[in-house]
There are 2 protein chains.
Amino acid sequence: MDKEMMKGSIDLLLLSLVSQRDLYGYEMTRILKQYSEDVYQMSEGTLYSALKRLERKKWLDSYWSETEQGRRKYYRITEDGRRELEQKRANWKLIESLVRKSSEGLT
Amino acid sequence: MDKEMMKGSIDLLLLSLVSQRDLYGYEMTRILKQYSEDVYQMSEGTLYSALKRLERKKWLDSYWSETEQGRRKYYRITEDGRRELEQKRANWKLIESLVRKSSEGLT
DNA sequence: TTATTACCCTTGTAACACGAGGTACATCGT
DNA sequence: ACGATGTACCTCGTGTTACAAGGGTAATAA
C-alpha cells in the first residue's frame with residue numbers, strides 16, 4: 001500500500017464506517033481488512049492516533065463497554081462528524097473528477 | 001480544499017497530466033484550475049516541490065524550452081513513471097472501493 | 001505452559017501540502 | 001514613461017500525517 005496515498009483517505013474511511021453503526025477500534029481494522037480482501041491492513045498506530053484526532057475534532061465521541069470478552073471502546077459519530085463526512089465526500093468526488101479528467105486527455 | 005486530502009493524490013494527478021503530453025509547471029496549475037471550475041488552485045509551493053520529488057524519483061524528467069514568451073521547463077514522463085502511474089491508479093481504485101463499501105453498509 | 005489472538009495505547013520518524021516569500025520578464029492601460 | 005498585472009520559475013518553514021516499533025492486559029487455543 002502506498003503510504004502517502006492513504007493520507008486524507010483515512011479520516012473519510014473511518015467516518016464512513018462509524019456513520020453506519022458504532023464500532024470499536026480493533027473491529028474497524030478487521031472490517032477494512034475484509035473489505036480489501038486482505039490487501040490493506042491498517043496499522044494500530046495509524047488507527048488509534050486517527051481516532052484520537054477525530055475525537056479531538058469532535059467528529060466522533062466514544063464510550064466504554066464491558067463485555068464478557070473484555071473492555072471495548074466504542075466510537076460514535078457526532079452531528080459535526082456527519083457534516084464533515086459530507087464535506088469530505090464532496091471533496092473526494094472533486095479529486096476523483098480531476099483524476100479522471102487528467103487521465104482522459106488534454107485539449 | 002481539504003489540505004490533507006490532497007496528499008497522495010498530487011502525484012497521481014501530475015503523473016496523469018504529464019502522461020498525456022509534455023507540460024510545464026505553470027500550465028499544470030492552469031489545467032487543474034480549469035478542470036475543477038476554479039475550485040482547486042494548486043499552490044506553486046506544492047507544485048514545484050512535487051515536480052522536484054517526481055524528478056528525483058525518476059518518474060519525470062525535464063528540459064528547458066526558450067520561447068518568445070520566455071523560458072519554460074517542460075516535464076516528460078519516463079517509463080518508470082508510467083509504471084508508477086499504473087501502480088497509483090490501482091491503489092486509488094482500491095481506496096475508492098474501500099470508501100464505497102464503508103459507506104454502503106455493514107453486515 | 002506457551003502461543004496466539006483480541007484489544008488498548010504512546011513515541012519517534014520521514015514525508016508531505018501549503019503559505020509566504022523571492023526573482024525575472026512581458027504586456028497592457030494610462 | 002510607468003505602474004500594475006500576468007507569466008513563469010524557485011526556496012524555506014510550519015503543521016499535519018501514516019506508520020513502525022514499542023508497551024500493556026486479558027482471554028482463548030494448542
Side-chain angles (χ1 to χ4, degrees), chain A residues 1-15 22-34 36 38 40-57 59-60 62-75 84 88 91 94-95 98, chain B residues 1-15 22-34 36 39-57 59-60 62-75 84 88 91 94-95 98:
Chain A
M1 270 297 308
D2 188 326
K3 194 171 157 170
E4 291 305 322
M5 210 145 182
M6 288 310 296
K7 282 190 182 166
S9 310
I10 299 253
D11 288 8
L12 174 57
L13 277 175
L14 297 181
L15 285 173
D22 295 2
L23 294 170
Y24 58 98
Y26 192 78
E27 196 179 9
M28 303 178 201
T29 67
R30 297 293 105 186
I31 292 174
L32 290 174
K33 187 170 183 236
Q34 186 201 330
S36 69
D38 284 25
Y40 178 57
Q41 168 87 53
M42 184 180 288
S43 79
E44 301 198 346
T46 300
L47 174 75
Y48 290 109
S49 55
L51 288 173
K52 208 174 153 186
R53 175 174 65 246
L54 295 175
E55 219 178 346
R56 193 176 59 240
K57 294 193 176 170
W59 297 336
L60 296 183
S62 61
Y63 55 93
W64 284 96
S65 166
E66 308 285 339
T67 70
E68 310 87 45
Q69 290 82 20
R71 55 208 273 283
R72 291 169 172 173
K73 193 175 182 184
Y74 278 88
Y75 289 87
E84 183 63 24
K88 284 188 187 297
N91 234 283
L94 172 59
I95 298 177
L98 282 180
Chain B
M1 270 297 308
D2 188 325
K3 196 170 155 170
E4 290 306 322
M5 210 146 181
M6 288 309 296
K7 282 189 182 168
S9 310
I10 299 257
D11 288 8
L12 174 57
L13 277 175
L14 297 181
L15 285 174
D22 294 4
L23 294 169
Y24 59 97
Y26 193 77
E27 196 179 9
M28 302 178 200
T29 67
R30 298 292 104 185
I31 293 174
L32 289 174
K33 188 171 182 232
Q34 187 201 329
S36 69
V39 175
Y40 177 57
Q41 168 86 54
M42 184 180 288
S43 80
E44 302 200 347
T46 301
L47 174 74
Y48 290 109
S49 57
L51 289 173
K52 208 174 151 187
R53 175 175 65 246
L54 295 175
E55 219 178 346
R56 193 176 60 240
K57 295 192 175 172
W59 296 338
L60 296 183
S62 61
Y63 55 93
W64 284 96
S65 164
E66 308 285 338
T67 71
E68 311 86 44
Q69 290 84 18
R71 56 207 273 283
R72 290 169 173 175
K73 193 175 180 183
Y74 278 88
Y75 289 87
E84 183 64 24
K88 285 189 186 297
N91 233 281
L94 172 60
I95 298 176
L98 282 179

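In what follows, chains are A, B, ... by sequence order, proteins preceding strands, each numbered from 1.
- Using a 4.0 Å heavy-atom criterion, one finds that B:Glu27 contacts no nucleic acid atom at all.
- For the pair B:Ile10 CD1 and C:dG19 P, the interatomic distance rounds to 11 Å; values are reported in whole Å.
- Shown here for A:Gly25 and A:Leu51, the closest heavy-atom pair between the two residues is CA-CD1, 4.0 Å.
- Listed pair A:Lys57 / D:dT17 meets the phosphate criterion, a side-chain N or O lying under 4.0 Å from OP1 or OP2.
- What separates CG of B:Leu47 from C1' of D:dT11 is a distance of 14 Å, to the nearest Å.
- For B:Thr46, the listed nucleotide lying nearest its side chain is C:dA17; candidates were D:dA8, D:dA18, C:dA17.
- In this structure, A:Tyr40 reaches the D:dC19 phosphate: one of its side-chain N or O atoms is under 4.0 Å from OP1 or OP2.
- Put simply, CD1 on A:Ile31 is 12 Å from P on C:dC7, counting in whole angstrom units.
- Nearest nucleotide to the A:Tyr48 side chain, out of C:dC8, D:dA20, D:dC10: C:dC8.
- Considering only heavy atoms from C-beta on, A:Tyr75 comes within 4.5 Å of A:Glu55 through its side chain.
- The phosphate of C:dC16 (OP1 or OP2) has a side-chain N or O of B:Arg53 nearer than 4.0 angstrom.
- Under the 30°/60° scheme for interplanar angles, the aromatic rings of B:Tyr24 and B:Tyr74 are found to stand perpendicular.
- At a threshold of 4.0 angstrom between heavy atoms, the contacts of A:Lys7 include nucleobase atoms, whether or not backbone atoms are also involved.
- Nearest heavy-atom pair, B:Ser36 versus A:Leu94, reported as atom, atom and distance to 0.1 Å: CB-CD1, 4.1 Å.
- With hydrogens and angles ignored, a donor-acceptor pair under 3.5 angstrom links the side chain of A:Glu44 to the base of C:dC8.
- In this structure, B:Lys52 does not reach the D:dC9 phosphate: none of its side-chain N or O atoms is under 4.0 Å from OP1 or OP2.
- To the nearest angstrom, C1' of C:dC18 lies 14 Å from CD of A:Glu4.
- The CG atom of A:Leu14 sits 11 Å away from the P atom of D:dC19 (whole-angstrom rounding).
- If you take CG of A:Leu51 and C1' of D:dA18, they are 13 Å apart, rounded to a whole angstrom.
- Atom CZ of A:Arg71 and atom C1' of D:dA27 are 14 Å apart (whole Å).
- Dashed line: the shortest gap from a side-chain N or O of B:Arg30 to OP1 or OP2 of D:dG6 is not under 4.0 Å.
- For the pair A:Arg72 and C:dC7, the criterion of a side-chain N or O lying under 4.0 Å from OP1 or OP2 is met.
- For the pair B:Tyr24 and D:dC9, the criterion of a side-chain N or O lying under 4.0 Å from OP1 or OP2 is not met.
- Atom CH2 of A:Trp64 is separated from atom P of D:dT25 by 14 Å (rounded to the nearest Å).
- Set against D:dC9, C:dC9, D:dT17, the side chain of A:Arg56 has D:dT17 as its closest nucleotide.
- Judged by distance alone, with hydrogens and angles left aside, B:Lys3 brings no side-chain donor or acceptor close enough to the base of D:dT16 to form a pair under 3.5 Å.
- Using a 4.0 Å cut-off between charged side-chain N and carboxylate O, A:Lys7 and A:Glu4 make a salt bridge.
- Judged by closest nucleotide on DNA chain D, A:Met42 is the one of A:Met42 and A:Gly70 placed further toward the 5' end.
- Looking at every heavy atom in both residues, B:Met1 comes nearest to B:Val39 through CG-O, 4.3 Å.
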